[in-house]
Amino acid sequence: MYRWILIIALAAGCGAGASDKPKDKDWTTMEYTWAPQSQPRARDLVPTASTSENVVLRGATIMTATGEPIAKGSIWLKDGRIAAVSASKIDAPGATEVAADGLFITPGIIDTHSHLGVYPTPYDAAHSDGNEATSPTTPSIDAIHSVWPQDPGFQTALRGGVTSMQLLPGSANLVGGRGVTVQNHPAISARAMLFPGARVGLKMACGENPKRVYGERGGMPSTRMGNMAVWRKTFYAAQQYRQSLDDHVEAMKRWMAAADQKPEAKPKPPARDLDMETLVAAMQGEILVHVHCYRADELTQVLELSEEFGFKVRSFHHATSAYKIRDILAGWDVAVSTWADWWGFKLEAHDAIPQNAALLSASGVRAIIHSDSSIGIQRLNQEAAKAFEAGKQGGL
């Protein structure tokens, strides 16, 4: 018996990080000396995957991502890629033919918010590696250093059709750190699972979680006021760090242009700060910002924060009351990753409706059904269907 999972995915463009030394000493176009890499290289870590086959699946209903379903269609798989999709017979020399009559073939499912690998299943405290809850802001944390590729959750997610996912730190911190986008295949290291060209994400969180975690310890933040104050202080520090890098670039330009370039007069760069590097990269758009946030009023506050400090929010996650400001989100070109009908587990998650995703989509917002769960990730297609049906019942 054959079991096939077909991957059709789009990879976002990936900007290259700067080298330690400017090319040809061109300081007018120099990027920051220590601009973080957009994606760590996989180097020589080769994923452990089954051998690619030359196969044609015939007779299935093919659910395309961009058009009408193809009844009794054919798909040709060759060298690990989709070579052809057709409603008629495909001429595929040397291919093994598999009868797929009565079956459905869909594109691979993408989960934009998962904690697989950083919170492996079944859960045990020894594997609790998703929250570095020792400071309200930990920008230099990177989820890739916690991902355990042998988490059984990857296999159960794959059986549910999830072929790629963004793995994020938890939401204990206002700035939790970097996320990583992976392809869901067996590997010996998380680096060997990296989705080629995918951009790094930065996980942030507002609301109850950070104020509860640090308020219970008698520290700051303990209120929503504290949340915003810590955020502003942190991004202000990042602004200052960015300015110091700009100043260094200008100083180097003057030194390079000088007729007498004395080595002892060469400007010294500012001390390297890994936390600030991540935030500066977010301000420059090299790292995509994802914000865990529920209440509509707090979503707008985060947008105000982004405007004040010059970064763009790529996506709000959870956002159960985003439907209230869907026109604002569409205007700001911000996506929303939410659930079909999971809410009520804390106070800020109560004000939700099943039409949330449909209303957002109808208003021009990129609405996405995510899991944030090792269980929900196994049936994301059904979760999306529930959200779609709720919209239909709501008259959309």
Side-chain angles (χ1 to χ4, degrees), residues 7-14 38-39 65 106-119 130 142-144 147 151 153-154 156-158 160-171 176-184 190 193-206 282 285 287-294 299 302 312-320 322 326 329-330 332-343 349 356-358 360-361 364-388:
I7 304 175
I8 303 176
L10 298 177
C14 180
S38 295
Q39 190 70 285
T106 76
I109 298 171
I110 302 168
D111 189 357
T112 58
H113 187 121
S114 174
H115 299 296
L116 291 184
V118 300
Y119 285 117
D142 195 328
I144 196 171
V147 174
D151 179 359
F154 287 122
T156 54
L158 193 60
V162 175
T163 56
S164 55
M165 63 194 78
Q166 180 175 219
L167 306 177
L168 294 166
S171 52
R178 301 187 190 194
V180 58
T181 300
V182 300
Q183 294 176 315
N184 193 7
M193 299 173 70
L194 291 178
F195 196 116
R199 300 281 287 280
V200 170
L202 176 64
K203 171 69 177 295
M204 293 171 52
C206 73
I287 290 179
L288 306 179
V289 177
H290 300 267
V291 186
H292 155 122
C293 206
Y294 289 84
L299 300 180
V302 174
K312 177 176 172 53
V313 177
R314 176 71 165 190
S315 179
F316 282 116
H317 290 227
H318 313 331
T320 49
R326 55 192 185 277
L329 296 173
W332 283 66
D333 190 28
V334 179
V336 171
S337 294
T338 189
W339 296 289
D341 56 3
W342 186 17
W343 54 70
N356 186 35
L360 290 165
S361 182
V365 179
R366 293 188 303 280
I368 302 153
I369 302 301
H370 66 356
S371 75
D372 193 23
S373 163
S374 61
I375 304 299
I377 198 172
Q378 300 175 37
R379 51 173 184 267
L380 275 179
N381 55 347
Q382 297 174 50
E383 295 300 312
K386 286 193 292 183
F388 181 79

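This is a predicted model, so every value here is computed, not measured.
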Would you tell me whether H317 and H292 have side-chain atoms, one donor and one acceptor, within less than 3.5 Å of each other?
no

Quick one: pull up CD1 in I109 and CD1 in I369 and give me the separation to the nearest 0.5 Å.
11.5 Å

Report yes if some heavy atom in the side chain of K386 is under 4.5 Å from a heavy atom in the side chain of D341; otherwise report no.
yes

Could you measure the distance from the CZ atom of F316 to the CG atom of L360? Nearest 0.5 Å is fine.
11.5 Å

The reported gap from OG1 in T320 to CH2 in W343 (rounded to nearest 0.5 angstrom) is 8.5 Å

Any non-hydrogen side-chain atom of V334 less than 4.5 Å from a side-chain atom of R314?
no

Just by modelled atom types, is the A387 backbone N or O under 3.5 Å from a matching donor or acceptor in the N356 side chain?
no

Ring-plane angle category for W339 and H318, please: parallel below 30°, perpendicular beyond 60°, tilted otherwise.
parallel

Nearest 0.5 Å please: distance from the CZ atom of R178 over to the NE2 atom of H290.
13.0 Å

Here the pair of heavy atoms bringing I287 nearest to G201 is CG2-C, 3.8 Å

L288 versus V200: any side-chain heavy-atom pair under 4.5 Å?
no

Is S373 close to W342 at the side-chain level, that is, under 4.5 Å between some pair of heavy atoms?
yes

Please collect all salt bridge (Lys or Arg N to Asp or Glu O under 4.0 Å) contacts where either partner lies in residues 160-171, sequence neighbours excluded, each pair once.
none

Just do the side chain to side chain contact (heavy atoms under 4.5 Å, CB included) check on V313 and V302 with the steps written out, would you?
CA-CA 8 Å; V313 177; V302 174; 4.0 Å; yes

On a heavy-atom basis, which atom in M204 and which in V289 lie closest, and how many Å separate them?
SD-CG1, 3.6 Å

Interatomic spacing from CD in E383 to OG in S371 - rounded to 0.5 Å
9.5 Å

For the residue pair H113 and D372, confirm or rule out a side-chain donor-acceptor distance under 3.5 Å.
yes

Shortest non-hydrogen separation from L299 to A319 and the atoms involved:
CD1-CB, 4.4 Å

Do any N or O atoms from the side chain of K312 and from the backbone of D333 form a donor-acceptor pair under 3.5 angstrom?
yes

Does some side-chain heavy atom of V336 sit less than 4.5 Å from a side-chain heavy atom of L329?
yes

Test your reading of the model: is there a side-chain donor-acceptor pair from S114 to the backbone of D111, 3.5 Å cut-off?
no

OG-NE2 distance between S315 and H370, expressed to the nearest 0.5 angstrom:
8.0 Å

Without swapping roles, check the side chain of K203 against the backbone of P169 for a donor-acceptor pair under 3.5 Å.
yes

Flag, side chain of D151 to backbone of G117, donor-acceptor distance under 3.5 Å
yes

Between V162 and I377, the two heavy atoms sitting closest are CG2-O, 3.4 Å

Are side-chain heavy atoms of Q183 and P196 found at a separation under 4.5 Å?
yes

Taking the side chain as every heavy atom from C-beta outward, state whether T338 and I368 have any atom pair closer than 4.5 Å.
no

Is there side-chain contact between F195 and V182, with heavy atoms separated by less than 4.5 Å?
no

Search all heavy atoms of S337 against all heavy atoms of T112 and return the closest pair with its distance.
OG-OG1, 2.9 Å

